Every structure is written in structure tokens, then in C-alpha cells.
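Working notes, structure below.
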Amino acid sequence: MRHRPSKQRPPEPDAAPRCHATTREILVPIRHATVTVTSANTGSTAPSDPFHQPTLPPRLPPRPVPSAVPHRTRTTTTSLSIPPDPVRFRFASFAGRDASSGGATGGKRPGAVPAAKPSQAASVSPADSDSSAKPTSSHQKLADDSSDRVTCWATTREGGEVEEGAMGGAEDAPRAAAANGHGNGATVEEKLDELRRLLGKADGDPLRIVGVGAGAWGSVFCALMQDAYGHLRDKVQVRIWRRPGRAVDRATAEHLFEVINAREDVLRRLIRRCAYLKYVEGRLGDRTLYADEILRDGFCLNMIDTPLCPLKVVTNLQEAVWDADIVINGLPSTDTREVFGEIGRYWKERITAPIILSLAKGIEASLDPLPRIITPTQMISNATGVPLENILYLGGPNIASEIYNKEYANARICGADKWRKPLAKFLRQPHFIVWDNSDLITHEVMGGLKNVYAIGAGMVAALTNESATSKSVYFALCTSEMIYITHLLEEEPEKLAGPLLADTYVTLLKGRNAWYGQKLAKGELTLEMGDSIKGKGTIQGVSAVDAFYELLSQDSLSVMHPEANRSVAPVEMCPILKALYKILIKRELPPNSILQAIRDETMYDPRERIEMAQGHSLYRPSLLGQPKGDTKA
């Protein structure tokens, strides 16, 4: 059905910007400006509050708005009442705009009509949309004019979903190019084209990158891909899956509202996308926000203080992964087997196996028929049937919020030769250097081990009032235990250096596992609260303590004690691991007993433990499920 174009009258000289809209006044706290969001109703505009005359920053220079293909639109209805607050915020919802309205780059808009009285509750009724209505995109800028208003324009697609601004569109291209150190973006596209050729992608068939799991690091990793390559929408698509239905509590919603109003770029983006109103309602308790809903706007529930770019979020797992070319495993190791078991059912009829890049750090222990370690990459291969040569691990000193804020970092991607070098090149950015390494086992096991010892590091820091001496003693002792354990798993393990050492250091210094240990030692958390903490996600070190202790306490893996001259289980050579097991799993000792473990007068010099590992034949191939005598995986 065609709509008749609305007749416009020319703007009056020196008139304020106008539009066919109803404006309602709502009182909510906002930082510097009275923000007007208009609707496609007929009505009028009320004057500004005479006692509050805020000003916006200098207007942004207008940018060209690319033409958009008109599509069918329909309007929505919103009705709500909000109690008064000190600062006025005017809003309404609307569904279309005339092609002649001046665009979204500023300028006078014709057709203003008087507003409803401020005492009325906000109510927006449906209005006929014009056939020339255009979707909002990330290319469009807010109109900054001489008034203290920002006008938000949007359309809704059939089906009722408000169309979001284009994620990673032309406006983001300069940022994406700059993020990769290339002003014109040419090299970025060349890296993408090279990976597409290796994967056999035909022209017109985009490379599909899917994140599974939306914790802090998983969300940031997908956002990095979106920022870097999202502007090449014909060649690549980035989306992320998370479970639906996780509600955002009232306190978090209030904090999220403060974060939005403290960041003008985020505030403007949400207004432009007509998404700001739901955060107003969430802050006032009139609406429940959900984790998957806010992730679409770039807010990870485990990392509220660091807004990301908008992301394409899918809550149906089958829809997310069935045609994926590259899958990013951002799940905790404790959830990896279950979720990828479900994914395996969707991939039974696939002809070509996807590439899977695991970010998970943790292990499982299997004791039957023989004690052995199961790493996340092995879990994925067993659950999906994807060959191990297509499954890689990425690890390094990566604090998610700092990575997204462009703090310099490095990482290693580990796995088979076939994919690790092309992926290292594809993932590399000026602030995020990715190297490649063939030793998958050492890096993946160390990724789980460091979480074990990070909990103890947090305890030591809290119990010694951040004593640098005590923390350094603990660091030396725990790294010697880690080296000892890796020699049980690998004949010639990768040395604890470079990103492997840096990953251990930063996790002991600032990771969520160290935070958890601090809170336990201070009495601010208890073990009865479990290992899934609001705002932090899963504390993976707890399950890793259990797995490593159970595995290394088996008599079948016995080693020779250097002084007692008798065979003992390997865990007897790891006093810190033993103490953490008794504190966290058995709950036989209080957190302050970790200090006794590092102050034991009978403890070995860390150098002696390392020499024992290097000078004796500790390697146990069966720990990785290999027959005795096999070489390393």
C-alpha cells in the first residue's frame, strides 16, 4: 500500500526547529541537557523550563547521510507516568519522518505544532507513517541547534522491533581503520579477504563470526571484531549468543543509568537509536531490563562500567551457530561441555567443520579408567565432532575492560599450524598484538592453573594489607608449583615466559579470581554464596582447584619424594594447592591458613622444585588421555 506524501509548509524565518509531534514532559535526572524525543503524533511543543536553561556542547559538523531504501513502517504506542524529579526530560515515541524534514544532521524542520500541557502523562498514539520514512542508521548525527534540545528520529520495522542504528556502518569505518592502524581501511579489508579465501567464501557470502557466551571477555572479544571489521558488512557478520531471560536488578539498572549519563557519546548514541527511554524506565522501576536486551546496546552485565559498541545479539542457539564459519567460545569451562553438546546436534549435517576459538580457562578431571585432564578444546571436540586441528585456544594478559579501552596487550593463539597463523594475523590490532604458538596443552592448562593460584593471591593481599613482600613470595612459590605441574603433562612444556607469564601475573594482580580471594579473606563473601557472583560471573578457579587436586592426588601418578626417598602423590609437592583445596573445597581451614602455607619453614626453595621437575622424568602421557610412550599432542 502506498502512502501519500504529506504536504509540508516552508519554515518560518527564525523559527525554532519543528516537527509533527506530540511532546510530553517527564521529570528525570539527566546530566546537562533537556532532551526532546519526538513522536509521529500531531500536537505541539511546549516552551523550555524558564528556570533551567542548560546548553549542549558545540554542534558536531554535519556529515553526509547516505541514502536509505524506504521500507514499510508502523507506529508504536507508549504510555507511562513517571513521578517528578528535579530536572525535566521531554520524550515521546514516534515512527517516521518526512523526507523533507531536514534529515538528522541538523537544520530547521517545518511543521511545528503546540505541545500538550506538562501536567499530562506521556502518551503516544499511532500515526500514519509516510512512505518516504527512512531507517535510523549509525551514519546519522544528532541535530544540534540553538535550542537546548536533541531530537531523536527512528522507525520501526514490521514486527514491532525498533530498527537499531547500523552497527559498524560507514560512520564507524574510520574508527575501525584507525583501530588497525590504517587510515583508509585498505589493509583491514585485505586481512579479511585473505581469511575469506582460506575458508573458501564466495563473493556475496559473508564470513559469519559468532560468539557463544556473553561474559566480560567473550563480549569484549566480539566487540573488538565488530569495531575492526563491522563496517565491511557485505563481507563479514558478527553476532553473539547469550541465554535470554536474565533480569537486571534495580540497583544495577540505576547504576547503568548513571554510566549512560556520564558518557556523552553513549547518551547521544542511545537517543539516536531511541533506546534511552527504556533505561529511564528501568532506573525508575517501571520496567525490567534483561541482559540480552542491554547487550544489544553495548552493555555487558558483568562489565557495566565499560560500554561497548552495539552488538547483534541472538538468544536462539541454533539460529546463532548453524551456519557459523568461526565460533568464539566465551563460556566458562564449567558450561562448555553442556552448550557445545547442544551445538553438536545442530552441526550433524554440516559438510565443512567450522573454526572454533576457545577463550575458556579451566579443566575437568576424569578418574575413570585412568586419571586424566580434559581441557575445554577437548570438551568441544568430543561434544561436536569437530577435529582438534580446527579448535584453537587464545590466552594472554587480558583484562576485558582495559582491552576495550585500548590499553596495550598481547596474547597467543595456540593450536595446529593450519589455522593459527592466519587467525593471528586476522585478530592482530595495534593495541592487541597476537602471536601464535604450537603448544596448545601448556597454554590451556596454565590458563586454568593461574585461576587456582589467583584466589590464593587475593587472600594473601587482603591478609597482609597489600604487602609487596608477601605477595612477591607467594608469586615465586605458586609459579614454581605451576611449572612442576606442567612437567607432568608435557615432556618439554613451553617456558613460563612472555604472554604465559604475563597472563599469570595479571590474573594474580587484578583478575576476578584474585578479587574473589580478597573478598573471602575480608569476610565480604562466604563460600556458601557459591562461585557464581553477581556482576562478576563464574569464578572458574574454584572448580579448577577441585579438578587439579583430585587429579594430582592419585597414587597411580606417584613421584619420588626427594628427601623422604619414597613415592608420593604429586599433590604432596604442591603445598599451596593443598591449602587452597582445604579452604575452598573441604572447608576445613579458614582463609588465613594460606599464610601458613607460604611461611612453612620446611618449604623448598622454588628453584629446587623447578630443578626436580626438569631433572626427573615426571611426564605422564596418560594425564592427557594418551597411551604410555606417546609424544606430546
Side-chain angles (χ1 to χ4, degrees), residues 215-218 220-221 302-303 306 330-334 358-363 375-376 393-405 407-414 432 437 442-462 466 468 470-483 485-486 493-521 525 531 533 535-548 574 576-577 579-580 583-584 591 594 598:
W217 184 214
V220 164
F221 198 88
N302 294 344
M303 197 175 58
T306 305
L331 296 164
S333 59
T334 49
S358 178
L359 310 178
K361 298 174 179 179
I363 68 158
T375 64
Y393 166 77
L394 184 136
N398 305 320
I399 300 296
S401 59
E402 295 182 358
I403 298 286
Y404 196 73
N405 288 331
E407 295 291 338
Y408 178 80
N410 52 47
R412 277 179 179 159
I413 186 169
C414 306
F432 186 61
N437 190 284
T442 301
H443 286 80
E444 204 169 8
V445 170
M446 279 290 197
L449 265 177
K450 70 181 180 57
N451 290 332
V452 167
Y453 291 101
I455 297 177
M459 293 177 179
V460 170
E466 298 290 340
S470 296
K471 290 192 293 184
S472 62
V473 167
Y474 179 85
F475 182 77
L477 293 172
C478 75
T479 51
S480 71
E481 288 190 15
M482 293 172 68
I483 292 170
I485 293 171
T486 57
E494 180 73 23
K495 295 185 183 300
L496 188 60
L500 201 58
L501 179 61
D503 192 13
T504 302
Y505 174 75
V506 76
T507 304
L508 269 60
L509 187 70
K510 194 178 178 181
R512 76 180 71 175
N513 290 277
W515 171 88
Y516 180 73
Q518 285 185 327
K519 295 298 182 181
L520 285 177
L525 290 176
D531 59 359
I533 307 299
K536 288 291 183 180
T538 302
I539 308 301
Q540 299 188 56
V542 177
S543 62
V545 168
D546 192 15
F548 277 108
C574 304
I576 294 178
L577 177 60
L580 289 171
I583 294 169
L584 299 172
I594 192 68
I598 67 173

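In this text, all values refer to a predicted model and were calculated from it rather than measured experimentally.
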Indicate yes or no: at least one non-hydrogen side-chain atom of [X] is less than 4.5 angstrom from one of [Y].
{"X": "Tyr505", "Y": "Leu500", "value": "no"}
{"X": "Leu477", "Y": "Tyr453", "value": "no"}
{"X": "Lys536", "Y": "Asn302", "value": "no"}
{"X": "Tyr393", "Y": "Ile413", "value": "no"}
{"X": "Ile594", "Y": "Ile583", "value": "yes"}
{"X": "Ile576", "Y": "Leu580", "value": "yes"}
{"X": "His443", "Y": "Lys361", "value": "no"}
{"X": "Phe432", "Y": "Asn410", "value": "no"}

Euclidean distance, [Y] [atom2] relative to [X] [atom1], rounded to 0.5 Å:
{"X": "Ile363", "Y": "Asp546", "atom1": "CD1", "atom2": "CG", "value": "10.0 Å"}
{"X": "Thr442", "Y": "Met482", "atom1": "OG1", "atom2": "CE", "value": "11.0 Å"}
{"X": "Leu331", "Y": "Ser358", "atom1": "CG", "atom2": "OG", "value": "8.5 Å"}
{"X": "Thr507", "Y": "Ile455", "atom1": "OG1", "atom2": "CD1", "value": "11.5 Å"}
{"X": "Leu501", "Y": "Met446", "atom1": "CG", "atom2": "CE", "value": "9.0 Å"}
{"X": "Thr504", "Y": "Leu509", "atom1": "OG1", "atom2": "CG", "value": "12.0 Å"}

### Side chain Gln540, main chain Ser333, donor-acceptor under 3.5 Å
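Pair found, side chain donor or acceptor close to backbone of Ser333.
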### Task
Please check if the side chain of Asp531 supplies one atom and the backbone of Val542 the other of a donor-acceptor pair under 3.5 Å.
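Such a contact is absent between Asp531 side chain and Val542 backbone.
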### side-chain contact (heavy atoms from CB on, under 4.5 Å) between Val445 and Phe548, worked out
CA-CA 10 Å; Val445 170; Phe548 277 108; 3.9 Å; yes
Nearest heavy-atom neighbours spanning [X] and [Y]:
{"X": "Leu508", "Y": "Lys450", "result": "CD1-O, 3.9 Å"}
{"X": "Leu520", "Y": "Pro591", "result": "O-CG, 4.0 Å"}
{"X": "Arg512", "Y": "Ala216", "result": "NH2-CB, 4.2 Å"}
{"X": "Ser470", "Y": "Ile598", "result": "O-CD1, 4.4 Å"}

Identify each donor-acceptor pair in which a side-chain atom of residues 396-403 lies under 3.5 Å from a protein atom, sequence neighbours left out, and give them as a table.
residue: Asn398; atom: ND2; partner: Gly396; partner atom: O; Å: 3.4
residue: Glu402; atom: OE2; partner: Lys510; partner atom: NZ; Å: 2.5

### SB check Asp503 Arg412 (cutoff 4.0 Å)
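Salt bridge between Asp503 and Arg412, a charged N being under 4.0 Å from a carboxylate O: no.
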### Task
Carefully, step by step, assess Met459 and Lys519 under the rule side-chain contact (heavy atoms from CB on, under 4.5 Å).
CA-CA 8 Å; Met459 293 177 179; Lys519 295 298 182 181; over 6 Å; no
